[in-house]
Trainee: 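Below is the structure I would like to discuss, written out as structure tokens.
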Amino acid sequence: MVPTEEASARRREIEGKLKQEEETLSYIKESLEKSDQLTKNMVSILSSFESRLMRLENSIIPVHKQTENLQRLQENVEKTLSCLDHVISYYHVAKDTEKIIKEGPSGRLVEYLACLDKIQKAVEYFQDNNPDSPELNRVKSLFERGKESLESEFRSLLTRCTKPVPPILILDHLGGDDEIETQEEMPLNQLPENTLKDIISISRWLVEFGRNQDFMNVYYQIRSSQLDRSIKGLKEHFRKNSSSSGVPYSPAIQNKRKDTPTKKPIKRPVLIPGHEHDLRLKHLSDALSDKHGPAAGRDDVLDIEIDAYIHCVSAFVKLAQSEYQILTEIIPEHHQKKTFDSLIQESLDNLMIEGDNIVSAARKAIIRHDYSAVLTIFPILRHLKQMKPEFDQVLQGTAASTKNKLPGLITSMETTGAKALEDFADNIKNDPDKEYNMPKDGTVHELTSNAILFLQQLLDFQETAGAMLASQETSSSASSYSSEFSRRLLSTYICKVLGNLQLNLLSKVRVYEDPALKAIFLHNNYNYILKSLEKSELIQLVAVTRKAAENCYRELIEKQIQTYQDSWLKVTDYISERSLSVFQAGVKLKDKERQMIKERFKGFNDGLEELCKIQKAWAIPDTEQRDKIRRAQKTIVKETYGAFLNRYGNVPFTKNPEKYIKYQVDQVGEMIDKLFDTSA
């Protein structure tokens with residue numbers, strides 16, 4: 001029974017659920033139908049909306065296109081009007097700018113250049129669009145006038161602001177003091193800043209629009225003249241203010257300067273009697289006699305000229321460097337080197353001409369054997385060689401002919417200097433033996449003193465002189481051109497001069513007849529040479545190739561002293577023991593023996609008096625050597641005479657002993673002490 005009820009309940013439950021599901025399905029079906037209906041309605045609405053949009057679009061598109069066409073037409077009209085205004089403006093350019101162009105660019109350069117730009121555009125327009133228009137000729141004429149005014153303004157600005165650099169300012173820049181270098185340098189050769197800006201603006205416009213390079217010629221001509229006047233002003237400054245003792249510098253700078261091209265005054269030895277050693281270049285002496293007056297020695301004047309030339313060379317480098325810096329701002333890059341080359345030509349040529357004149361003067365001096373004048377080449381050549389690296393840097397990019405000018409002058413000076421050195425050595429050897437030219441007192445010959453003086457002058461220019469000699473060498477050693485090789489050549493040269501001098505002295509001494517005077521002459525000259533070598537660096541130079549030179553001269557000196565002492569043998573031989581007879585005390589002398597003693601005393605007295613009289617007039621300039629020779633001779637004579645006097649002074653060989661015994665031993669010594677002294 002129970003199971004049946006449970007089954008009935010389960011059936012009822014299932015039927016209830018089925019009923020609910022049917023209801024749910026019915027609701028879903030109803031909802032789907034409503035959704036379908038809504039969908040159909042929506043599709044209908046959309047279709048209607050689409051249809052309306054299509055109708056609207058068909059109505060608006062023609063209107064839109066029409067509006068676009070109208071806008072395009074409006075833009076075309078505006079562009080046309082703008083073009084017309086632009087074209088019309090070209091016809092007004094001449095009128096609008098003519099007044100400014102006629103007035104010129106002075107004081108209104110920016111506005112002036114703007115007007116020229118307008119005129120340039122007008123010219124281009126008429127040339128492209130209406131070449132037959134009379135307006136083209138008008139704007140062309142105006143443009144050319146404006147360009148000419150710009151060129152004139154360029155010249156005017158450059159001329160007005162280009163002034164020679166004051167000599168004092170140049171000398172300040174040549175000073176090279178360390179303290180000065182740390183300070184801000186004063187401008188050298190510069191243009192005022194505002195003027196420089198205007199010149200640069202004009203230059204750029206002329207290059208870009210003027211299509212004219214004439215302004216570059218104007219630039220280099222004006223600046224070249226300024227450079228030349230600056231250097232000439234410096235030279236004139238030296239002529240007016242220099243003295244042989246120094247170089248005029250700016251009073252604003254009192255500190256010691258380094259690397260400043262100065263030189264020691266050169267002494268002028270007279271080498272050949274009969275030749276005027278002070279002859280100079282006619283272009284110097286004639287021109288300077290009026291400027292410096294008759295009181296100024298020609299040697300001093302020449303020293304001033306040398307100093308001036310050396311400083312002018314240095315000034316040229318400094319000024320040229322400054323010029324190139326300015327030029328690079330004004331001249332287009334591809335024209336800079338050529339313009340700079342033209343700019344420096346006049347000043348460089350003047351320096352080279354003056355250098356050539358110095359070389360020519362030296363050659364003439366060699367011909368007349370005035371070797372002291374040739375010494376002027378040495379400081380100049382040394383300075384030129386020192387300046388050559390800076391020269392090469394400044395002239396970089398210039399024409400080969402410009403670069404080769406300084407090396408050519410250096411080579412010419414080296415060749416001339418080398419010839420002078422060789423001719424000097426030969427001249428020392430061949431100096432003629434003239435009796436009137438020989439010192440009567442046997443003192444140092446003029447040739448010796450001048451030769452030594454010349455060699456001493458070379459000490460200040462050892463490298464220069466050595467390089468001169470090396471430049472003439474063709475050996476493989478010379479190709480290296482080392483300083484050691486040059487030093488050896490200079491040493492060899494000095495030894496050659498000294499050797500030639502010795503040969504000439506040996507030749508000259510033959511003029512003397514007295515062997516003792518010959519010995520004194522050679523002694524004085526050898527001693528002078530040795531002392532001069534020892535007092536200077538010459539002895540070190542000689543020792544490079546001839547280490548025993550000092551000892552050789554000492555031996556020569558001692559040999560001549562011995563020769564001189566031999567001249568007294570004819571006096572001392574009368575009283576020397578080896579020629580005397582021995583007399584026994586208390587034995588009466590024979591007449592022959594008394595006569596022999598008388599002759600001995602008389603021969604000694606006469607010989608002593610004669611030698612003292614003659615040799616008193618001779619000279620030994622070296623006090624030490626003079627005292628040494630006197631002392632040695634006095635010792636020999638006094639000892640010999642003292643022994644003779646002790647032996648025969650008390651021998652009754654005469655009734656008048658004072659007639660033969662004229663001098664005591666000390667008196668003989670006093671007489672010898674007066675040798676070589678005309679004032680005694």
Side-chain angles (χ1 to χ4, degrees), residues 269-273 424-435 437-459 491-568 614-615 617-633 675-677:
V270 183
L271 298 178
I272 302 301
F424 174 79
D426 293 340
N427 190 73
I428 292 295
K429 182 179 180 180
N430 300 319
D431 185 58
D433 304 331
K434 300 292 184 181
E435 186 174 352
N437 190 35
M438 293 296 290
K440 291 180 172 51
D441 58 0
T443 190
V444 178
H445 196 279
E446 184 182 27
L447 180 69
T448 301
S449 60
N450 286 332
I452 293 299
L453 180 57
F454 184 87
L455 294 179
Q456 288 174 338
Q457 296 297 328
L458 295 183
L459 289 176
S491 175
T492 302
Y493 171 77
I494 293 174
C495 291
K496 177 182 178 181
V497 172
L498 294 176
N500 289 351
L501 178 59
Q502 184 176 348
L503 291 174
N504 196 296
L505 291 173
L506 291 172
S507 176
K508 288 183 184 301
V509 80
R510 292 196 296 265
V511 173
Y512 297 121
E513 296 180 357
D514 191 333
L517 183 55
K518 291 181 179 180
I520 291 297
F521 174 77
L522 291 176
H523 164 272
N524 284 333
N525 283 273
Y526 292 153
N527 183 66
Y528 179 83
I529 293 170
L530 177 60
K531 291 297 178 65
S532 299
L533 294 178
E534 290 176 335
K535 288 179 182 178
S536 65
E537 295 179 25
L538 282 173
I539 193 66
Q540 286 87 358
L541 263 178
V542 170
V544 172
T545 54
R546 191 179 172 191
K547 299 186 183 302
E550 191 171 357
N551 290 333
C552 288
Y553 275 110
R554 293 192 188 281
E555 291 174 3
L556 289 172
I557 291 169
E558 291 301 322
K559 181 180 179 181
Q560 298 310 317
I561 292 176
Q562 184 60 50
T563 302
Y564 166 75
Q565 290 176 344
D566 291 345
S567 69
W568 280 80
I614 293 173
Q615 295 183 8
W618 296 354
I620 299 180
D622 189 318
T623 305
E624 181 181 347
Q625 287 291 313
R626 182 170 63 242
D627 292 342
K628 175 184 175 181
I629 292 173
R630 282 174 177 169
R631 191 165 50 249
Q633 199 60 47
L675 296 178
F676 319 117
D677 186 359

Trainee: Find out whether L675 and I629 are in side-chain contact, i.e. whether some heavy atom of one side chain is under 4.5 Å from a heavy atom of the other.
Mentor: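 L675 does not reach I629 side chain to side chain.
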
Trainee: Is there side-chain contact between L505 and L447, with heavy atoms separated by less than 4.5 Å?
Mentor: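 No, their side chains stay 4.5 Å or more apart.
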
Trainee: Does the side-chain contact (heavy atoms from CB on, under 4.5 Å) test come out yes or no for L455 and L541, once each step is laid out?
Mentor: CA-CA 11 Å; L455 294 179; L541 263 178; over 6 Å; no

Trainee: Say whether, by atom type as modelled, one donor and one acceptor occur between the side chain of N500 and the main chain of I428 under 3.5 angstrom.
Mentor: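 Not confirmed, N500 side chain does not pair with I428 backbone.
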
Trainee: Can you list the residues that meet the side-chain contact (heavy atoms from CB on, under 4.5 Å) rule with D441, with sequence neighbours excluded?
Mentor: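 Partners of D441 by the side-chain contact (heavy atoms from CB on, under 4.5 Å) criterion, ordered by chain and then number, come out as P439, T443, A619.
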
Trainee: Measuring from atom CD1 of I452 to atom CD of Q457, what distance do you get when rounded to the nearest 0.5 angstrom?
Mentor: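 Output value for this atom pair is 12.0 Å.
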
Trainee: Using distance only, find each side-chain donor-acceptor pair of residues 542-552 under 3.5 Å and give its atom names and separation, not counting sequence neighbours.
Mentor:
{"unit_1": "T545", "atom_1": "OG1", "unit_2": "S491", "atom_2": "OG", "d": "2.6"}
{"unit_1": "E550", "atom_1": "OE2", "unit_2": "R554", "atom_2": "NH2", "d": "3.1"}

Trainee: Looking at residues at least two apart in the chain, or sitting in another chain, which of them share a salt bridge (Lys or Arg N to Asp or Glu O under 4.0 Å) with D566?
Mentor: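 Testing D566 for salt bridge (Lys or Arg N to Asp or Glu O under 4.0 Å), a comparison that skips the adjacent residues, returns none.
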
Trainee: Got a sec, which residues hit side-chain contact (heavy atoms from CB on, under 4.5 Å) with A516, two or more places apart in sequence or on another chain?
Mentor: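 So A516 forms a side-chain contact (heavy atoms from CB on, under 4.5 Å) with D514, Y564, S567, Q615, W618.
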
Trainee: Using a 4.5 Å cut-off on heavy atoms from C-beta on, say whether the side chain of K508 contacts that of D431.
Mentor: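 D431 reaches K508 side chain to side chain.
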
Trainee: So, for L501 and A451, which heavy atoms are closest and what is the spacing to 0.1 Å?
Mentor: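 Nearest pair, atom of L501 first, then A451: CD2-CB, 4.3 Å.
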
Trainee: Just jot down the side-chain hydrogen bond (donor to acceptor under 3.5 Å, both in side chains) partners of N430, sequence neighbours excluded, or say none.
Mentor: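 Here no residue qualifies.
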
Trainee: Can you list the residues that meet the side-chain hydrogen bond (donor to acceptor under 3.5 Å, both in side chains) rule with N524, with sequence neighbours excluded?
Mentor: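 By the side-chain hydrogen bond (donor to acceptor under 3.5 Å, both in side chains) rule, N524 matches no residue at all.
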
Trainee: Would you please name every residue forming a side-chain contact (heavy atoms from CB on, under 4.5 Å) with K628, sequence neighbours left out?
Mentor: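 For K628 the side-chain contact (heavy atoms from CB on, under 4.5 Å) partners, ignoring immediate neighbours, are E558, I561, Q625, R631.
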
Trainee: What ring pair (Phe, Tyr, Trp, His ring centres under 6.0 Å) pairs are there with at least one residue in residues 526-560, not counting sequence neighbours?
Mentor: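 Output for this query is empty, none listed.
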
Trainee: Does H445 use its side chain to pair, donor to acceptor, with the backbone of F521 at less than 3.5 Å?
Mentor: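 Not confirmed, H445 side chain does not pair with F521 backbone.
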
Trainee: Got a second to check how far K429's NZ is from S507's OG, nearest 0.5 Å?
Mentor: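 Answer rounded to 0.5 Å: 11.0 Å.
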
Trainee: Given side chains that start at C-beta, do those of T448 and I529 come closer than 4.5 Å, heavy atoms only?
Mentor: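 Yes, close enough: below the 4.5 Å cut-off.
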
Trainee: Rounded at 0.5 Å granularity, tell me how far CG in L538 sits from CG in L530.
Mentor: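 That separation rounds to 11.5 Å.
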
Trainee: Could you check D677 against R630 for side-chain contact (heavy atoms from CB on, under 4.5 Å), going step by step and ending with a plain yes or no?
Mentor: CA-CA 11 Å; D677 186 359; R630 282 174 177 169; 3.5 Å; yes

Trainee: For K518, enumerate each residue passing the side-chain hydrogen bond (donor to acceptor under 3.5 Å, both in side chains) test, keeping only those at least two apart in sequence or located in another chain.
Mentor: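 Counting only residues at least two positions away or on another chain, K518 forms no side-chain hydrogen bond (donor to acceptor under 3.5 Å, both in side chains).
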
Trainee: Quick one: pull up CD in Q456 and OG in S449 and give me the separation to the nearest 0.5 Å.
Mentor: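 If we round to the nearest 0.5 Å, Q456:CD and S449:OG are 10.0 Å apart.
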
Trainee: Restricting to non-hydrogen atoms, name the atom on P515 and the atom on T563 that form the minimum distance, rounded to 0.1 Å.
Mentor: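 Reported closest heavy-atom pair: O-CG2, 4.4 Å.
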
Trainee: Can you confirm whether F676 sits close enough to I520 that some side-chain heavy atom of one is under 4.5 Å from a side-chain heavy atom of the other?
Mentor: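 They are in side-chain contact.
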
Trainee: For E624, check side-chain contact (heavy atoms from CB on, under 4.5 Å) against everything at least two apart and list the hits.
Mentor: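 With neighbours one apart ignored, the set is K531, D622.
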
Trainee: Applying side-chain hydrogen bond (donor to acceptor under 3.5 Å, both in side chains), name anything that partners T492, two or more places apart in sequence or on another chain.
Mentor: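 T492 satisfies side-chain hydrogen bond (donor to acceptor under 3.5 Å, both in side chains) with no residue once adjacent residues are dropped.
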
Trainee: I'd like to check the salt bridge (Lys or Arg N to Asp or Glu O under 4.0 Å) partners of R626; sequence neighbours left out, ordered by chain and number.
Mentor: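 Per chain and number, R626 pairs via salt bridge (Lys or Arg N to Asp or Glu O under 4.0 Å) with no residue.
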
Trainee: Could you tell me if the side chain of V509 sits less than 4.5 Å from the side chain of L517, heavy atoms only?
Mentor: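 When only atoms from C-beta onward are counted, V509 and L517 do not touch, as no gap falls below 4.5 Å.
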
Trainee: Does the side chain of N527 reach to within under 4.5 Å of the side chain of I620, using non-hydrogen atoms?
Mentor: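 N527 does not reach I620 side chain to side chain.
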
Trainee: Decide side-chain contact (heavy atoms from CB on, under 4.5 Å) for L458 and Y493; before the verdict, give the C-alpha distance in whole Å, the side-chain angles of both, and the deciding distance to 0.1 Å.
Mentor: CA-CA 11 Å; L458 295 183; Y493 171 77; 4.0 Å; yes

